[in-house]
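First comes the structure, then the notes that go with it.
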There are 2 protein chains.
Amino acid sequence: MNMNNDISKENILAIKDAIELLGGKWKFCILYNLQKYHTMRFKDLQEMSVGITPKVLSKQLQELEDNLLITRTVNATKPVTVSYEPTKYAEEVIPVIDALLSFGSKHRKKIKEKYS
Amino acid sequence: MNMNNDISKENILAIKDAIELLGGKWKFCILYNLQKYHTMRFKDLQEMSVGITPKVLSKQLQELEDNLLITRTVNATKPVTVSYEPTKYAEEVIPVIDALLSFGSKHRKKIKEKYS
DNA sequence: CAGTATCCAAAGGGATACTG
DNA sequence: CAGTATCCCTTTGGATACTG
């Protein structure tokens, strides 16, 4: 098995990087919501990501911000609100989300058929 | 924020399902290699997934098999060899792998530029 | 060759309560 | 509202050694 070519190795590294960046239980869902509604507040995201606790949501958002995928803006309202938005760079992730969504839907149908 | 529509909820569930199925550190790399070479032995996969231990590889393969994404075939050679192949159904995952690979490559370039 | 067995460390994630 | 603090549990994955 000839695996001694750089392209394969590069590709493997690219996939690993992407997964490291976007992996975990929540990030894709957060990005999906932000792409769909464009701007959301902390509370909105918490309600939409059913089951997530504030601590976990906070951490996911910080990591996404660190990776330049979202921006965080504090609004001078009373009480203070914070809005999150996807960056221009985050558009690069849309194809991944779409593909994941498409596969997930097919898979759910397949499972549904199996047990009906 | 109007999130009370079933489509959004369904989509979120689909994404969560897909990630649950394919998430983790190795599965996408394994599937990438299997799509590329079509058939691989345990040892090949271990060498290509640099750093993976046999125990972990074994578990990933079992989970992929349970989810109907790969097949496992024992060959009556001496010593015994085992070959893994992607199923027809696994073709549904290719778009996800491609998108992930594409994003990962762009991201690696972006990081490389940043620190050069 | 293709795994399994055992042990262990770290990361991820959740429950609950609290704060500016 | 938008988090943080603390505590804790489970899952994931890795090291090492061993087997048919």
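In this structure, CZ of Phe42(B) is placed 11 Å from P of dC1(C), rounded to the nearest angstrom. To the nearest angstrom, P of dG12(C) lies 13 Å from CG of Leu21(A). Rounded to whole Å, atom C1' of dA15(D) lies 16 Å from atom CG of Leu57(B). Rounded to an integer number of Å, the gap from CD1 of Ile19(B) to C1' of dG12(C) is 14 Å. Separating the CD1 atom of Ile30(A) from the P atom of dA2(D) is a distance of 14 Å, rounded to the nearest angstrom. Counting to the nearest Å, the C1' atom of dG12(C) and the CG atom of Leu61(A) are 16 Å from each other. Whole-Å rounding puts the Gln46(B) CD to dA2(C) P distance at 9 Å. Atom NZ in Lys78(A) sits about 16 Å away from atom P in dA2(D), given to the nearest Å.
For Ala90(A), the side-chain contact (heavy atoms from CB on, under 4.5 Å) partners at least two apart in sequence or on another chain are Gln35(A), Leu69(A), Pro86(A), Thr87(A). Residues that satisfy the side-chain contact (heavy atoms from CB on, under 4.5 Å) test with Glu10(A), not counting sequence neighbours, are Arg108(B). In this structure, the side-chain contact (heavy atoms from CB on, under 4.5 Å) partners of Lys16(A), at least two apart in sequence or on a different chain, are Ile12(A), Trp26(B), Cys29(B). Here Ser83(A) pairs with Thr39(A), Thr73(A), Asn75(A) under the side-chain contact (heavy atoms from CB on, under 4.5 Å) rule; sequence neighbours left out. Contacts of Asn11(A) classified as side chain to side chain donor-acceptor pair (under 3.5 Å), with partners at least two apart in sequence or in another chain: Tyr32(B).
Heavy atoms of Gln62(A) sit under 4.0 angstrom from primed sugar atoms or phosphate atoms, though from no base atom.
For residues 76-88 of chain A, the pairs satisfying salt bridge (charged side-chain N to carboxylate O under 4.0 Å, His left out) are Lys88(A)-Glu91(A), with sequence neighbours left out.
Applying the 4.0 Å criterion to OP1 and OP2 of dT4(C), one finds that Ser58(B) has a side-chain N or O inside that range. Taking only side-chain nitrogens and oxygens, Arg41(A) never comes nearer than 4.0 Å to OP1 or OP2 of dG3(D). Taking 4.0 angstrom as the limit, Tyr84(A) places a side-chain polar atom (N or O) nearer than this to OP1 or OP2 of dG3(D). OP1 and OP2 of dA2(D) both lie 4.0 Å or more from every side-chain N or O belonging to Arg72(A). Not one side-chain nitrogen or oxygen of Lys43(A) sits closer than 4.0 Å to the OP1 or OP2 atom of dA2(D).
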Find every protein N or O atom lying less than 3.5 Å from an N or O atom of nucleotides 13-20 of chain C, and list the pairs.
unit_1, atom_1, unit_2, atom_2, d
dG13(C), OP1, Lys25(A), N, 2.7
dG13(C), OP2, Gln60(A), NE2, 3.4
dG14(C), OP1, Lys25(A), NZ, 2.7
dG14(C), OP2, Trp26(A), NE1, 3.2
dG14(C), O6, Lys55(A), NZ, 2.1

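Proximity of a side-chain donor or acceptor of Ser105(B) to a complementary backbone N or O of Leu101(B) within less than 3.5 Å is detected.
Rounded to 10 degrees, the angle separating the terminal helix axes of the helix from dC1(C)-dG20(D) to dG20(C)-dC1(D), each built from five base pairs, is 50°.
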**Prompt:** How far apart are the C-alpha atoms of Tyr84(B) and Ile30(B), what are their side-chain angles, what is the distance that settles it, and do they pass the side-chain contact (heavy atoms from CB on, under 4.5 Å) test?
**Reply:** CA-CA 10 Å; Tyr84(B) 292 91; Ile30(B) 292 170; over 6 Å; no
Please tabulate, for the side chains in residues 50-62 of chain A, all donor-acceptor contacts under 3.5 angstrom to protein atoms that are two or more places apart in sequence or on a different chain.
unit_1, atom_1, unit_2, atom_2, d
Ser58(A), OG, Gln62(A), NE2, 3.4
Gln60(A), OE1, Lys27(A), NZ, 3.4

